[in-house]
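For the single chain, residues carry numbers from 1 onward in sequence order.
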Amino acid sequence: MNPLQRAARNPTAYRWLVLRGRPMAQGTEALLRFATKGRLGVLDLTGLPNVQVTTSGRKTGLARTATVQCVPTDDGLLVVGSNWGLPRHPSWSANLKATERVTVRRRGHRFTAKVRLLTGEERARAWATALTHWPNYQIAQDRAGGRPFRLFLLTPES
């Protein structure tokens, strides 16, 4: 495990990142994605599984791409709209909520996936899975002021 991976998984370091380091992480992400033509980002450097999701903007209809951390499951990929624990949902989650399909780029491979917003018991199970995979989600959830994170299941189409 490299030093960035250790730091990212450390709850104390993650709290600092969520509270103060978000602008730096977002700027570094943008710079890395630009310099590597989309192939490498901050989550890649920290060894965390991630995908780039591209969908039409719900208001503009323009293609919108967001890099999000993911949790691989038997059914597909679980993505969590944590938005760094801010009180509002991330804009990419509103676009996913408004569509049925997205283009997903993972490790250089592109595929189309069905999008499903999880609710009820299914959401509760998915949240437990997400916390098992990335316990720091709880830090962001505690900071979000009671806003329940949107959880989406991306299921690859055959």
Side-chain angles (χ1 to χ4, degrees), residues 5 8-11 13-19 21-22 25-26 29-30 33 38-158:
Q5 290 172 320
R9 295 180 196 294
N10 180 305
Y14 185 77
R15 262 189 208 88
W16 179 87
L17 182 64
V18 164
L19 293 173
R22 181 174 46 91
Q26 290 174 323
E29 172 72 16
R33 291 286 172 194
R39 291 186 303 269
L40 186 68
V42 172
L43 292 173
D44 298 303
L45 294 179
T46 57
L48 296 172
N50 66 88
V51 293
Q52 288 181 293
V53 292
T54 303
T55 187
S56 296
R58 69 192 184 288
K59 292 180 181 177
T60 65
L62 299 174
R64 301 291 184 202
T65 300
T67 301
V68 295
Q69 188 174 339
C70 67
V71 177
T73 66
D74 293 338
D75 300 331
L77 299 168
L78 178 65
V79 293
V80 179
S82 64
N83 200 24
W84 300 83
L86 294 174
R88 66 185 184 282
H89 292 290
S91 57
W92 64 261
S93 76
N95 290 336
L96 257 60
K97 190 176 173 188
T99 191
E100 295 178 6
R101 288 177 175 69
V102 294
T103 301
V104 178
R105 181 176 174 180
R106 183 170 189 225
R107 297 183 188 144
H109 300 287
R110 287 180 191 250
F111 59 92
T112 302
K114 291 181 186 175
V115 178
R116 192 158 47 92
L117 177 64
L118 303 179
T119 59
E121 184 60 34
E122 188 177 35
R123 185 200 179 281
R125 283 192 307 273
W127 178 245
T129 300
L131 287 177
T132 300
H133 177 77
W134 183 246
N136 288 337
Y137 276 134
Q138 190 61 54
I139 294 169
Q141 181 64 79
D142 293 344
R143 184 173 181 258
R147 171 182 66 87
F149 294 163
R150 291 175 178 157
L151 274 67
F152 296 91
L153 181 63
L154 307 181
T155 309
E157 293 185 325
S158 30

### Message
Which heavy atom of Ala140 sits nearest to which heavy atom of Trp84, and what is that distance?
### Response
CB-C, 4.4 Å
### Stepwise side-chain contact (heavy atoms from CB on, under 4.5 Å) test for Arg143 and Leu86
CA-CA 7 Å; Arg143 184 173 181 258; Leu86 294 174; 3.8 Å; yes
### Task
Please confirm whether the backbone N or O of Val42 pairs with a side-chain atom of Glu29, one donor and one acceptor, at under 3.5 Å?
yes
Donor-acceptor contacts under 3.5 Å from residues 91-98 side chains, at least two apart:
from, atom 1, to, atom 2, distance (Å)
Ser93, OG, Pro90, O, 2.8
Ser93, OG, Arg150, NH1, 3.0
Asn95, OD1, Arg58, N, 3.0
Asn95, OD1, Arg58, NH1, 3.1

### Task
Starting at NE2 of His89, measure out to CZ of Arg147 and round the result to the nearest 0.5 Å.
5.5 Å
Identify every side-chain donor-acceptor pair in residues 70-80 under 3.5 Å, counting partners at least two apart or on other chains, and give the distances.
from, atom 1, to, atom 2, distance (Å)
Thr73, OG1, Asp75, N, 3.4
Thr73, OG1, Gly76, N, 3.2
Thr73, OG1, Gly76, O, 3.1

### Query
Tell me, which pairs form a side chain to side chain donor-acceptor pair (under 3.5 Å) where one or both residues lie in residues 98-114, sequence neighbours left out?
Arg101-Glu157
### Query
Taking the side chain from Arg64 and the backbone from Val53, do they hold a donor-acceptor pair closer than 3.5 Å?
no
### Query
Which value, rounded to the nearest 0.5 Å, describes the distance between Gln141 atom CD and Leu131 atom CG?
8.5 Å
## Note on the structure
What one should report as the nearest heavy-atom pair of Thr46 and Leu43 is OG1-O, 3.0 Å
### Query
What residues form a salt bridge (charged side-chain N to carboxylate O under 4.0 Å, His left out) with Arg123, not counting sequence neighbours?
none
### Query
Should Thr54 and Val102 count as side-chain neighbours, where that means a heavy-atom distance under 4.5 Å?
no
### Pairing residues for Thr129 by the side chain to side chain donor-acceptor pair (under 3.5 Å) criterion, not counting sequence neighbours
none
### Query
Once you round to the nearest 0.5 Å, how far does CD of Glu122 lie from CG of Leu151?
10.0 Å
### Whether Asp142 side chain and Ile139 backbone form a donor-acceptor pair below 3.5 Å
no
#### Entry: Pairs meeting criterion ring pair (Phe, Tyr, Trp, His ring centres under 6.0 Å) with involvement of residues 39-72, two or more places apart
none
### Task
Provide the closest heavy-atom pair for Ala130 versus Tyr137 in the form atom of the first, atom of the second, distance.
O-CD1, 3.8 Å
### Any side-chain heavy-atom pair of Val51 and Gln69 under 4.5 Å
no
#### Entry: Side-chain touch Arg125/Trp127, heavy atoms, less than 4.5 angstrom
no
